[in-house]
Amino acid sequence: MDTSLFDIPRYLAALPLFQEMTQAELQRLATGCRLREYARGETLFRVGMPCEEFHVTVTGQIKLYALSPAGQEKVIELAGPGISFAEALMFTERPYIVSAQALTDSLVLSVGKAAVVREIESEPRFAMRMLAGISRRLHGLVHDVQAYTLHSGTQRVIGYLLNALPEEAPAHCCAAAAPAPTTPAITRSVSLPVSKATIASRLSITPEYFSRVLHELADAGLIQMERRTIHIPDTGRLASHPL
């Protein structure tokens with residue numbers, strides 16, 4: 001796409017972090033932003049590189065990951081459109097502690113630290129919004145740790161499928177019991193945005209186990225698989241599946 005036509009202030013205004021900013025503030029912040037295109041497989045940054053900006057995925061999918069001493073990859077987060085990352089680290093004056101790679105052709109907006117600090121100094125409410133955004137990310141990480149330690153692999157897979165539903169679908173944070181629907185169930189569909197191996201790593205299970213759970217759910221009539229698309233005939237039945 002022609003990135004020169006991209007309206008950065010307008011895009012920033014649509015993000016929760018910047019929704020209350022004035023047009024003048026958005027214009028100033030935009031001067032410290034960079035819009036970059038990444039091809040599939042291209043690296044945004046690696047562990048040890050200096051962190052002087054945070055990032056927002058505009059289009060595509062970005063994988064944040066770490067490598068064990070043995071070279072085994074652990075996916076920390078999959079950042080799709082509208083998801084920001086590296087906000088907290090940017091203020092620590094430390095280098096990146098994870099690496100980031102584009103899983104698909106992606107467009108990423110990077111917001112420079114100097115521009116953010118300038119707005120914080122001039123508008124304390126902006127600092128509070130930044131703290132709120134960082135707190136939401138911390139809460140998400142705590143939720144992940146709880147899921148990995150308290151939930152079975154099957155629960156994690158079901159939770160992932162329900163959370164990946166389009167916005168108009170009912171939201172489910174985990175595979176908890178749900179009341180039976182009072183109206184006929186409507187089939188919902190989830191398109192896996194990345195490979196099963198990547199999703200499995202994100203859920204801290206093996207790719208083989210992830211595939212086995214999907215087949216078990218399909219055999220139980222709870223999902224229908226069509227290549228990379230998962231159809232869910234009844235979200236309530238899937239959420240209340242005995243584990």
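Please read these numbers as outputs of a predicted model, since none were measured by experiment. Quick note: residue numbers are just sequence positions, from 1.
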Enquirer: Return the CZ to CZ distance between Arg156 and Arg202, rounded to the nearest 0.5 Å.
Expert: 11.0 Å

Enquirer: Quick check: do Val56 and Val108 have side-chain heavy atoms less than 4.5 Å from each other?
Expert: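 Contact flag for Val56/Val108 side chains = no.
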
Enquirer: If you define the side chain from C-beta out and look only at heavy atoms, does anything of Val116 sit under 4.5 Å from Phe54?
Expert: yes

Enquirer: Is there a path of hydrophobic side-chain contacts, each under 4.5 Å between heavy atoms of I/L/V/M/F/W/Y residues, joining Val98 to Leu67?
Expert: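 No.
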
Enquirer: Going hydrophobic residue to hydrophobic residue with side-chain gaps under 4.5 angstrom, can you get from Leu89 over to Leu131?
Expert: no

Enquirer: Please give me the minimum heavy-atom distance between Glu25 and Thr22, naming the atom from each residue.
Expert: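 Closest approach of Glu25 to Thr22, heavy atoms only: OE1-N, 2.8 Å.
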
Enquirer: Ignoring hydrogens and angles, tell me if any N or O in the side chain of Lys196 forms a donor-acceptor pair with the backbone of Phe210 under 3.5 Å.
Expert: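 Side chain of Lys196 to backbone of Phe210, a donor-acceptor pair under 3.5 Å: no, none is there.
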
Enquirer: Side chains of Met21 and Leu29, heavy atoms from C-beta outward: is any pair under 4.5 Å?
Expert: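 Sidechains of Leu29 and Met21: in contact.
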
Enquirer: Hey, could you give me the CG/CG distance between Leu161 and Leu222, rounded to the nearest 0.5 Å?
Expert: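 Taking CG in Leu161 and CG in Leu222, the distance rounds to 10.5 Å.
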
Enquirer: So if you build clusters from Ile, Leu, Val, Met, Phe, Trp, Tyr with side-chain heavy-atom gaps below 4.5 Å, do Phe18 and Met128 land together?
Expert: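 No: no chain of side-chain contacts under 4.5 Å links Phe18 to Met128.
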
Enquirer: Is any side-chain heavy atom of Gln23 closer than 4.5 Å to a side-chain heavy atom of Arg10?
Expert: no

Enquirer: Within the distance-only criterion (no hydrogens, no angle test), does the side chain of Ser191 pair as donor or acceptor with the backbone N or O of Pro193 below 3.5 angstrom?
Expert: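 Flag not set: sc Ser191 to bb Pro193 has no pair under 3.5 Å.
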
Enquirer: Is any side-chain heavy atom of Leu203 closer than 4.5 Å to one of Val157?
Expert: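 A side-chain contact exists here, since the closest heavy-atom pair is under 4.5 Å.
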
Enquirer: So His231 and Ser189, side chain to side chain donor-acceptor pair (under 3.5 Å) or not? Walk me through it.
Expert: CA-CA 4 Å; His231 302 290; Ser189 298; 2.7 Å; yes

Enquirer: Using 0.5 Å steps for rounding, measure from the CG atom of Asp234 to the CD1 atom of Ile186.
Expert: 10.5 Å

Enquirer: Report yes if the side chains of Leu78 and Thr198 come closer than 4.5 Å at any heavy-atom pair, otherwise no.
Expert: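 When only atoms from C-beta onward are counted, Thr198 and Leu78 do touch, with a gap below 4.5 Å.
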
Enquirer: Should Tyr96 and Leu44 count as side-chain neighbours, where that means a heavy-atom distance under 4.5 Å?
Expert: no

Enquirer: Assess whether a salt bridge exists between Glu77 and Lys63, defined as any Lys/Arg side-chain N lying under 4.0 Å from an Asp/Glu carboxylate O.
Expert: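 Between Lys63 and Glu77 there is no salt bridge, as every charged N stays at least 4.0 Å from the carboxylate O atoms.
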
Enquirer: Just checking Arg94: does its CZ atom have more than 12 heavy atoms from other residues, nucleotides or ligands closer to it than 6.0 angstrom?
Expert: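 No, not enclosed.
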
Enquirer: Decide, yes or no, whether a salt bridge links Arg36 with Glu42 under the criterion of side-chain N to carboxylate O below 4.0 Å.
Expert: no

Enquirer: Only counting residues at least two apart or in another chain, list the ones meeting side chain to side chain contact (heavy atoms under 4.5 Å, CB included) with Thr206.
Expert: Glu208, Tyr209

Enquirer: Please answer: with hydrophobic residues joined when any side-chain heavy atoms are less than 4.5 Å apart, are Tyr65 and Ile205 in the same cluster?
Expert: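 Not linked; separate clusters.
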
Enquirer: Taking all heavy atoms of Ile62 and all of Ala100, pick out the closest pair and write down the distance.
Expert: CG2-CB, 4.1 Å

Enquirer: Mind checking what makes side chain to side chain contact (heavy atoms under 4.5 Å, CB included) contact with Val47, not counting sequence neighbours?
Expert: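 Per chain and number, Val47 pairs via side chain to side chain contact (heavy atoms under 4.5 Å, CB included) with Ser99.
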
Enquirer: Within this structure, what is the CD1-CD1 distance for the pair Ile230 and Ile232, rounded to the nearest 0.5 Å?
Expert: 8.0 Å

Enquirer: List the atom of Gly221, the atom of Arg237, and the distance in Å for their closest heavy-atom pair.
Expert: O-NH1, 3.6 Å

Enquirer: Tell me if the aromatic rings of Phe6 and Tyr11 count as close, with their centers under 6.0 Å from one another.
Expert: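 Distance test on ring centres: under 6.0 Å, yes.
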
Enquirer: Tell me whether Thr57 contacts the main-chain N or O of Gly82 through its side chain, where contact means a donor paired with an acceptor under 3.5 Å.
Expert: no

Enquirer: What's the separation between atom CD1 in Ile223 and atom OG1 in Thr235, rounded to the nearest 0.5 Å?
Expert: 13.5 Å

Enquirer: First locate atom NZ of Lys74, then atom OG of Ser201, and finally report the distance between them rounded to the nearest 0.5 Å.
Expert: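 Lys74 atom NZ to Ser201 atom OG measures 5.0 Å (nearest 0.5 Å).
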
Enquirer: Taking Arg28 first and then Glu119, would you say they form a salt bridge - that is, a charged N and a carboxylate O separated by under 4.0 Å?
Expert: yes

Enquirer: Are any side-chain N or O atoms of Glu121 and backbone N or O atoms of Arg118, one a donor and one an acceptor, separated by less than 3.5 Å?
Expert: no

Enquirer: Could you pull out all residues at least two apart from Ala127 that satisfy side chain to side chain contact (heavy atoms under 4.5 Å, CB included)?
Expert: Ile120

Enquirer: Quick check against the 3.5 Å criterion: does Asp105 have a side-chain atom that pairs as donor or acceptor with the backbone of Arg40?
Expert: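 It does hold such a pair.
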
Enquirer: Under 4.5 Å between any side-chain heavy atoms of Met49 and Pro95, yes or no?
Expert: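 The answer is no, as the side chains (C-beta and beyond) never meet within the 4.5 Å cut-off.
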
